Participant: 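Below you will find the structure I want to go over with you.
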Amino acid sequence: MPPNTSSALSSEPEAGEAPPADADDTVARRRVVPEHEVKDLLGEYGVDVPVSRTFTNATQAADAVSGLSGPLVLKAWGPGLVHKSDVGAVVLGLTACDIPAAVADMAASLDRQGFTPTGYLVEQQHPGGIELIVGVVRDATFGHVVLLGLGGVATEMLDLSALRVAPLSRADAAELVDSFPGAPLLHGARGREAGNRDALIEFLLSIAGEGSLVERLGDTLAEFECNPIVVTASGVQALDARLIVDSTTDIPAATQTHPTDFTRLFAPRGIAIAGASGSRSTFGNRFLAAYRQAGWTDSLCALHPDASSIDGVPAYSSISDVPYPVDYLVVAVPAAAAPKVVADAAASGVGFVHVVTGGFAEMGSDGAILQAELGQAASGTSTRILGPNCLGVFAPRGRQTFTLGAPSEPGVVSVVSQSGGLSGDMITVGSRRGIRFSKLVSIGNAIDVTQGELVDWLVDDPETRIIGIYLEGTRDGAALLGALRRAAGKKPVVILRGGSSAQGSVAVSSHTGSMASNEKVWAAVSRATGAVQVRSLEDFLSCLTYLQHYIDHSPSTDADGVLVIGLGGGASVLATDTCDRAGLKLTPLRDGLRTRLRDLGYGAGTSVANPLEVPVGPASPTSILVDALTPVFALDGQHYQDVLVHFNAAAYYNYGTAGIRPLIDTLQSLVDAELPVRVAVVVRNTEVCPAVDVELLDIFASDSGLPMYRSFSEAASAIASAQDFDARRGNGA
């Protein structure tokens with residue numbers, strides 16, 4: 001349980017340096033809590049701090065420090081004194097007798113710089129140990145993140161630190177302690193005393209674990225920093241403490257007591273379209289056509305003030321006139337008319353309203369006003385709004401669609417996308433790669449339904465086994481983080497981010513803030529949740545394809561690393577380099593296996609270590625890969641988590657006459673062998689293939705389900721996503 005809240009946070013203005021004219025007003029109005037009050041607060045959480053005294057001027061100094069033994073540290077606090085060492089507001093190595101004169105000198109020096117201290121703090125100086133920094137900063141997306149790094153005056157310059165997202169579990173704290181760049185110092189180095197690892201873990205949990213200081217202060221905590229803390233064999237002491245609170249923090253919006261059940265979003269009983277025309281082709285008409293193609297012959301209608309039917313579909317003048325329950329309303333009317341349509345739908349009890357129309361907040365201030373009006377139209381009702389400015393939902397089992405020609409076979413992959421355009425790409429390109437979707441939803445501006453709640457629902461959806469996310473920004477980062485934590489070890493998650501440079505922490509006063517870059521925060525999210533991050537749509541689809549095909553494959557406990565096999569030379573070297581960049585390990589084949597492979601005729605002038613180089617090409621037998629891999633995966637062989645097989649498509653035209661067919665036959669033999677390992681196939685240089693042969697490759701990949709890629713990078717990303725899930729599989733179930 002957290003301690004009582006008796007400590008008064010009597011803040012000092014964060015002044016001294018006027019913010020630039022265009023500085024965020026929230027930053028300008030932040031407040032710095034005096035250090036001695038922060039340390040009193042830390043004491044309530046069991047954190048060890050130096051013995052100290054406070055006073056306001058030099059005449060009080062002698063009485064205040066009576067009884068303190070030296071050496072002592074003198075500090076000043078007050079407006080603008082944020083980084084004390086930079087302006088001479090810290091002096092070390094003093095005796096009690098030195099304090100009055102040191103206070104007078106410090107006051108004079110600060111006055112010349114334009115600072116007027118509010119008071120002074122004298123502490124007993126620590127004899128020394130391992131100096132670290134522990135900080136907390138509020139990230140714009142995910143809330144509070146925790147930093148641990150090497151401390152002292154060179155902290156920011158060296159930036160030897162690591163991040164985790166709050167709240168920390170004990171496992172999170174232990175992993176942070178063991179993995180940050182200064183971890184070897186805790187074990188003792190060059191004859192130095194080792195640091196107390198367990199005490200450091202407890203310190204981190206006191207600051208940012210469950211029931212911690214961070215939880216107590218909530219969104220009022222803008223920045224917190226202890227630089228340094230000193231770690232010794234006996235424990236941890238916080239020598240410096242800085243807390244900046246935000247007096248302008250908005251009151252959080254009320255959260256829904258009962259989470260929304262999105263079943264009817266993905267499998268509606270009835271659908272209506274607002275915005276279809278009887279005289280021209282509009283978005284509304286396209287939706288009608290797509291739904292009819294998806295098999296809707298009844299419980300589908302258009303809303304139109306005059307028509308009785310549009311494109312062969314019944315039309316009604318009002319949503320209230322529709323004679324069956326409408327779970328899903330598509331709104332494709334002009335932006336100015338959308339709020340009225342949404343309000344009518346909410347009054348009629350429509351479950352979900354999907355606003356296709358753009359022209360809202362993405363268009364500037366006037367659009368933002370209209371978007372607020374749109375949100376208000378359903379406020380206080382059970383109707384949820386999807387969008388605006390999005391394409392909506394694709395779910396083959398529920399006959400949900402937004403595009404003509406969409407595949408109808410359902411699968412186990414579900415995606416939440418902020419982009420409608422990319423959603424269409426995911427469906428069309430992904431289906432050619434063999435991806436079968438369970439659900440895909442684009443959310444656009446996300447004024448109501450958000451990524452976090454959708455992902456959270458998908459974690460429990462029995463029809464979803466793999467989750468993909470395309471994200472540009474989110475207003476419910478904490479909910480998304482919670483959903484990702486719940487998915488860890490239960491369902492693999494792949495995240496593609498766009499526009500990430502526009503996000504990040506709003507922090508200007510602490511080392512922690514300047515070191516907690518957006519990329520580091522996202523890396524911390526991945527470490528905390530196991531969610532895999534990729535940088536391109538190609539890698540995103542590659543990971544989803546691989547995870548889908550091998551979702552039920554669990555490598556044996558002795559499986560280790562990746563085996564690369566294919567034509568030798570530079571291609572194998574490039575494959576090795578790419579695997580290394582993806583964090584994959586190429587475990588060498590054991591000596592006995594190498595001998596066996598050489599006895600079978602492999603390795604003349606090539607490698608049988610790893611990469612395993614075999615002369616696969618148009619003149620080789622179609623069984624060549626299986627023949628080479630069979631001894632590797634025999635009962636007395638060597639187990640790998642994954643095999644990366646690579647081909648050079650150009651060789652089948654430079655040295656063969658049958659086109660791509662021999663390559664496909666070789667792949668078929670690999671599929672038929674049913675080796676006890678995941679296999680990723682890279683076919684390079686397909687640009688030289690005639691279009692008909694490229695089509696044959698695509699058809700084979702789709703029909704066989706064998707994951708096939710055009711580059712080593714895509715394959716390595718896919719393999720890494722599966723191995724990351726291997727490491728967590730079952731932990732979150």
Side-chain angles (χ1 to χ4, degrees), residues 253-256 258-266 268-277 282-288 291 299-307 310 313 315-393 400 402 418 420 441-451 453-454 475-476:
T255 56
Q256 291 186 317
H258 303 290
T260 295
D261 181 357
F262 289 103
T263 300
R264 294 301 180 193
L265 176 68
F266 297 107
R269 292 168 297 178
I271 296 175
I273 313 291
S277 171
T282 68
F283 261 112
N285 296 82
R286 295 172 201 168
F287 272 92
L288 284 176
Y291 279 120
S299 299
L300 172 68
C301 70
L303 299 183
H304 194 280
D306 304 314
I310 295 178
V313 174
Y316 301 93
S317 60
S318 170
I319 188 70
S320 60
D321 295 332
V322 179
Y324 52 81
V326 175
D327 290 323
Y328 190 75
L329 170 64
V330 178
V331 178
V333 301
K340 174 65 166 60
V341 177
V342 172
D344 290 345
S348 296
V350 174
F352 298 94
V353 178
H354 160 213
V355 182
V356 181
T357 314
F360 293 93
E362 76 277 7
M363 299 301 291
S365 58
D366 289 343
I369 294 171
L370 188 59
Q371 181 165 294
E373 184 182 344
L374 184 72
Q376 284 297 316
S379 179
T381 74
S382 61
T383 297
R384 303 299 307 275
I385 300 174
L386 192 66
N389 191 28
C390 69
L391 285 181
V393 179
Q400 269 283 41
F402 54 75
Q418 203 158 353
V441 53
S442 71
I443 60 173
N445 295 10
I447 64 169
D448 181 22
V449 176
T450 62
Q451 293 103 328
E453 59 181 321
L454 283 166
R475 61 180 178 82
D476 70 337

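Being a predicted model, the structure only gives us computed values, none of them experimental.
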Participant: Can you tell me how far apart CG (L303) and OG (S318) are? Round to the nearest 0.5 Å.
Facilitator: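 L303 atom CG to S318 atom OG measures 7.5 Å (nearest 0.5 Å).
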Participant: Which heavy atom of F287 sits nearest to which heavy atom of L391, and what is that distance?
Facilitator: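 Closest pair (atom of F287, atom of L391, distance): CZ-O, 3.5 Å.
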Participant: Kindly indicate whether the side chain of S348, heavy atoms from C-beta on, has any atom under 4.5 Å from the side chain of V326.
Facilitator: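 SC-SC contact between S348 and V326 ruled out.
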Participant: Indicate yes or no for a side-chain donor-acceptor contact from D327 to the backbone of G351 under 3.5 Å, with no hydrogens or angles considered.
Facilitator: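 Not confirmed, D327 side chain does not pair with G351 backbone.
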Participant: Nearest heavy-atom pair of L288 and C301: which atoms, and what distance?
Facilitator: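 For L288 and C301, the tightest heavy-atom pair comes out as CD2-O, 4.2 Å.
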Participant: Identify the two heavy atoms, one from A345 and one from T383, that lie closest to each other, and give their separation to 0.1 Å.
Facilitator: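 For A345 and T383, the tightest heavy-atom pair comes out as O-OG1, 4.1 Å.
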Participant: Side chains of N445 and P388: does their closest heavy-atom pair fall under 4.5 Å?
Facilitator: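 They are in contact (side-chain heavy atoms under 4.5 Å apart), so the answer is yes.
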Participant: Whether the side chain of N285 engages the backbone of T282 through a donor-acceptor N/O pair (distance < 3.5 Å, no angle test) should be reported.
Facilitator: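 Yes, because the side chain of N285 sits within donor-acceptor range (under 3.5 Å) of the backbone of T282.
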Participant: For V350 and Y328, which heavy atoms make the closest approach, and how far apart are they?
Facilitator: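 Where V350 meets Y328 most closely, the heavy atoms are CG1-N, 4.3 Å.
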Participant: What distance separates L329 CG from I273 CD1, expressed to the nearest 0.5 Å?
Facilitator: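 It is 7.5 Å, given to the nearest 0.5 Å.
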Participant: Identify the residue among V353, V331, V355, I319 that makes a side chain to side chain contact (heavy atoms under 4.5 Å, CB included) with V341.
Facilitator: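 For V341, the side chain to side chain contact (heavy atoms under 4.5 Å, CB included) check succeeds only for V331.
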Participant: If you compare all heavy atoms of P339 against all heavy atoms of L370, which two are closest, and at what distance to 0.1 Å?
Facilitator: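 It is CG-CD1, 4.1 Å.
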Participant: So do F352 and V393 actually touch side chain to side chain, heavy atoms under 4.5 Å?
Facilitator: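 The answer is no; the side chains never approach within 4.5 Å.
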Participant: On a heavy-atom basis, which atom in V342 and which in L374 lie closest, and how many Å separate them?
Facilitator: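 Heavy atoms of V342 and L374 come nearest at CG2-CD1, 3.6 Å.
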Participant: Please check this pair: side chain of R475 against backbone of I447, looking for a donor-acceptor N/O pair closer than 3.5 Å.
Facilitator: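 Between the backbone of I447 and the side chain of R475 there is a qualifying donor-acceptor contact (under 3.5 Å).
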Participant: Just by distance, do the side chain of Q371 and the backbone of I369 share a donor-acceptor pair under 3.5 Å?
Facilitator: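 Looks like no, no N/O pair under 3.5 Å.
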Participant: Taking the side chain as C-beta and beyond, is there a heavy-atom pair between V330 and F402 under 4.5 Å?
Facilitator: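 No, side chains not in contact.
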Participant: Side chains of Y291 and Q400: closer than 4.5 Å at any heavy-atom pair?
Facilitator: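 With C-beta onward as the side chain, the pair touches.
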Participant: Mind checking whether L386 and R384 have side chains closer than 4.5 Å, heavy atoms only?
Facilitator: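 They are not in side-chain contact.
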Participant: For the residue pair H354 and C390, establish whether any side-chain heavy-atom pair is separated by less than 4.5 Å.
Facilitator: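 Touching, per the 4.5 Å side-chain cut-off.
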Participant: If you define the side chain from C-beta out and look only at heavy atoms, does anything of F262 sit under 4.5 Å from L454?
Facilitator: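 F262 reaches L454 side chain to side chain.
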